[in-house]
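Fair warning: this is a prediction, and the values are worked out from it, not measured in the lab. Here, residue 1 is the first one in the sequence, and each next residue gets the next number.
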Amino acid sequence: PSLSSTSAHNSHQARVGLMILITEDVWGAQFEGLRALDEVCYEPDLWNQREAMKEKLRNATVLVVRNRTKVDAELIAASPNLKLICRAGVGLDNIDLSAADAREIAVSAALGVNAISVAEHTLGLALALARNIITHDLQTESGKWIRTPGMELRGKTWGMLGFGATAQCTATLLQGFGVNKIAYDPYAKFSDSQLQSFGVELVSLDSVIEKSDIISVHLPHTPATKNLLNAAEFSRMKKGVLIVSVGRGEVIDETDLIAALKSGHLGGAALDVRASEPPTIGELELFENVILTPHIAGITHESQSAILELLAADIMSSYTGAELRGAVGKIRSIS
């Protein structure tokens, strides 16, 4: 059900008849104070009703989304009063940042806020793959007692594709596991001392592909990363390599991944993100050495609380002219 509340007209409020529109499941105690500012329209399923959403956006000043609302140039053009777009998460592939900048609409995102959550999930998936935890659980619950050996992480090479906030947290968590850590990120700029603190060596893409026993994928979806991991790359990986994907699903060609799993060249894969979400059930769901989770790596009670706190603060700042904490576009504050 929708939650809609019209604000009282007090001395703090200089504008009248404006709206904070929330089109996905973004709500918590941190947002309760927003109802004292303007009308709040909370419709968590509106992201899937394009025309109705465009109609609501005619009066909206603030738009709050997760990753399902496609905030493209058309939607921005249909929002004449929009001043701020808030993204409850870190990916920006569903927001046309250039179109927002052109309209001088600020965009706030919780970059790095859920990095620890993603890193812990990454490590959990890798351990589950390495020790066949899911398979052993299912077998034991069905009355079987099958003790097949797993793989230790100690002494292995862990390669990271992308070395942003989530990969950095993953590297930190891995410091007690005795793994050799390498990473590929053409945009990363770190001093030698910073890399030493993470215990990571920045290397080429080829080195990560060819030398790693475990590869974790932390990359966004861009034209350069789409299907970056494909048949050619899988064939150059070590036999038995484990792949953990927590960036964006489009980075992996899933058809080629299935072929590499069928051939036995890959040791297993754990995917928190998919090329299409939610995905259509297919062959990936049939592999015992594949673990699938529904894009939840960054979703913990702690991370969601921190994200809501940041976004609520930035919405408040849009009324006072203060600089936005999560600003990612060219607009850093709203006058």
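- The neighbour count for I281 CD1, taken as heavy atoms of other residues, nucleotides or ligands under 6.0 Å away, does not exceed 12.
- Side-chain contact annotation: E43 with T23, donor-acceptor N/O pair under 3.5 Å absent.
- Under a 3.5 Å cut-off, the side chain of R332 and the backbone N or O of A327 do form a donor-acceptor pair.
- K226 and D253 are not joined by a salt bridge, as no carboxylate oxygen comes within less than 4.0 angstrom of a charged side-chain nitrogen.
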Between E323 and S317, does a side-chain hydrogen bond (donor to acceptor under 3.5 Å, both in side chains) hold up when you go through it step by step? CA-CA 7 Å; E323 184 167 343; S317 294; over 6 Å; no
Go through the steps for S245 and H218 under the test side-chain hydrogen bond (donor to acceptor under 3.5 Å, both in side chains), then give the verdict. CA-CA 7 Å; S245 180; H218 305 265; over 6 Å; no
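- At least one donor-acceptor pair closer than 3.5 Å links the side chain of D272 to the backbone N or O of I296.
- I331 and V328 fall into different hydrophobic clusters, where Ile, Leu, Val, Met, Phe, Trp and Tyr residues are linked whenever their side-chain heavy atoms come under 4.5 Å apart, directly or through other members.
- Listed here is the closest heavy atom pair of R66 and Q304: NH1-OE1, 2.9 Å.
- No donor-acceptor pair under 3.5 Å is formed between the side chain of N227 and the backbone N or O of N230.
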Could you go step by step and tell me if L84 and I105 meet the side chain to side chain contact (heavy atoms under 4.5 Å, CB included) rule? CA-CA 6 Å; L84 175 63; I105 297 170; 5.6 Å; no
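- Contact of the L127 side chain with the F177 side chain is registered, since non-hydrogen atoms from C-beta on lie closer than 4.5 Å.
- Under the 4.0 Å criterion applied to side-chain N and carboxylate O atoms, K54 and E74 are assigned as salt-bridge partners.
- Among all heavy-atom pairs drawn from S197 and Q175, the shortest one is O-NE2, 2.7 Å.
- Although no hydrogens or angles enter the test, the distance criterion places no donor-acceptor pair under 3.5 Å between the side chain of K211 and the main chain of D206.
- Of all heavy-atom pairs spanning A171 and K181, the tightest one is O-NZ, 3.0 Å.
- Salt bridge status for R87 with D93: absent, with no side-chain N to carboxylate O gap under 4.0 Å.
- Considering all non-hydrogen atoms of both residues, S79 and R103 come closest at O-NH2, 2.8 Å.
- Using modelled atom types, one side-chain atom of E254 and one backbone atom of A275 make a donor-acceptor pair closer than 3.5 Å.
- Note: the hydrophobic cluster containing I182 does not contain I214 (ILVMFWY, side chain heavy atoms under 4.5 Å, direct or indirect links).
- In terms of heavy atoms, D314 sits closest to G326 at OD2-N, 2.8 Å.
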Let me see the working for F163 and F198 under ring pair (Phe, Tyr, Trp, His ring centres under 6.0 Å), right down to the final yes or no. CA-CA 11 Å; F163 199 61; F198 292 120; 5.4 Å; yes
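- A salt bridge does not link E250 to R248: none of the charged nitrogens lies less than 4.0 Å from a carboxylate oxygen.
- Put simply, the side chain of E285 gets close to the backbone of G282: a donor and an acceptor are under 3.5 Å apart.
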Please test I22 against F31 for side chain to side chain contact (heavy atoms under 4.5 Å, CB included), starting from the C-alpha separation and ending with a verdict. CA-CA 11 Å; I22 305 171; F31 273 26; 3.9 Å; yes
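- Linking ILVMFWY residues whenever their side-chain heavy atoms come closer than 4.5 Å, directly or via other members, leaves L161 and V246 in distinct clusters.
- Taken from CG in N289 to OG1 in T135, the straight-line distance is 7.5 Å, to the nearest 0.5 Å.
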Please output the side-chain donor-acceptor pairs of residues 112-124 that fall under 3.5 Å, not counting sequence neighbours, one pair per line with the distance.
{"from": "S117", "atom 1": "OG", "to": "T300", "atom 2": "OG1", "distance (Å)": "2.7"}
{"from": "H121", "atom 1": "NE2", "to": "T293", "atom 2": "OG1", "distance (Å)": "3.2"}
{"from": "T122", "atom 1": "OG1", "to": "V118", "atom 2": "O", "distance (Å)": "2.8"}

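- Panel note: side chain K330, backbone D101; a donor-acceptor pair is recorded below 3.5 Å.
- Rounding to the nearest 0.5 Å places CG of L324 at 8.0 Å from SG of C86.
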One pair to check against salt bridge (Lys or Arg N to Asp or Glu O under 4.0 Å): D72 and R50. What are the steps and the verdict? CA-CA 11 Å; D72 52 22; R50 182 81 174 182; 2.7 Å; yes
Quick one, L202 with Y184, criterion side chain to side chain contact (heavy atoms under 4.5 Å, CB included). Give me CA distance, side-chain angles, the key distance, then yes/no. CA-CA 6 Å; L202 285 181; Y184 166 72; over 6 Å; no
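- With hydrogens and angles disregarded, a donor-acceptor distance shorter than 3.5 Å links the side chain of D256 to the backbone of A231.
- Panel note: side chain T222, backbone T225; a donor-acceptor pair is recorded below 3.5 Å.
- When all heavy atoms of G150 and N132 are compared, the closest pair comes out as CA-ND2, 4.2 Å.
- Side-chain polar atoms of S212 and W158 form no donor-acceptor pair below 3.5 angstrom.
- Linking ILVMFWY residues whenever their side-chain heavy atoms come closer than 4.5 Å, directly or via other members, leaves I243 and I133 in distinct clusters.
- Residues Q168 and T172 form no side-chain contact, since every pair of their non-hydrogen atoms from C-beta on lies 4.5 Å or further apart.
- Residues E24 and T69 have side chains that bring a donor and an acceptor to within less than 3.5 angstrom of each other.
- H265 contributes a side-chain N or O that, together with a main-chain N or O of F234, makes up a donor-acceptor pair within less than 3.5 Å.
- Between the OG1 atom of T157 and the CD1 atom of I215 there is a distance of 10.5 Å, given to the nearest 0.5 Å.
- Using a 3.5 Å distance cut-off with no hydrogens or angles, the side chains of S204 and S207 do pair a donor with an acceptor.
- Annotation for R236: atom CZ counts as buried by contact number, over 12 foreign heavy atoms lying within 6.0 Å.
- For the pair E210 and K238, the salt-bridge criterion is not met [side-chain N within less than 4.0 Å of a carboxylate O].
- Note: L21 CG to T61 OG1 = 10.5 Å, rounded to the nearest 0.5 Å.
- Of the inter-residue distances, the one linking D213 atom CG with K156 atom NZ reads 6.5 Å to the nearest 0.5 angstrom.
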Check against salt bridge (Lys or Arg N to Asp or Glu O under 4.0 Å), K262 and E283: CA-CA 10 Å; K262 281 183 175 179; E283 289 186 88; 2.6 Å; yes
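- Paired with L271 under the rule side-chain contact (heavy atoms from CB on, under 4.5 Å), one option of I252, L125, I291 passes, and it is I252.
- One hydrophobic cluster holds both M19 and I76 under the rule that ILVMFWY side chains link at heavy-atom gaps under 4.5 Å.
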Steps toward side chain to side chain contact (heavy atoms under 4.5 Å, CB included) verdict (M237, L266): CA-CA 8 Å; M237 294 178 185; L266 300 186; 4.2 Å; yes
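- In this structure, L284 CG and I258 CD1 are separated by 4.0 Å, a value rounded to the nearest 0.5 Å.
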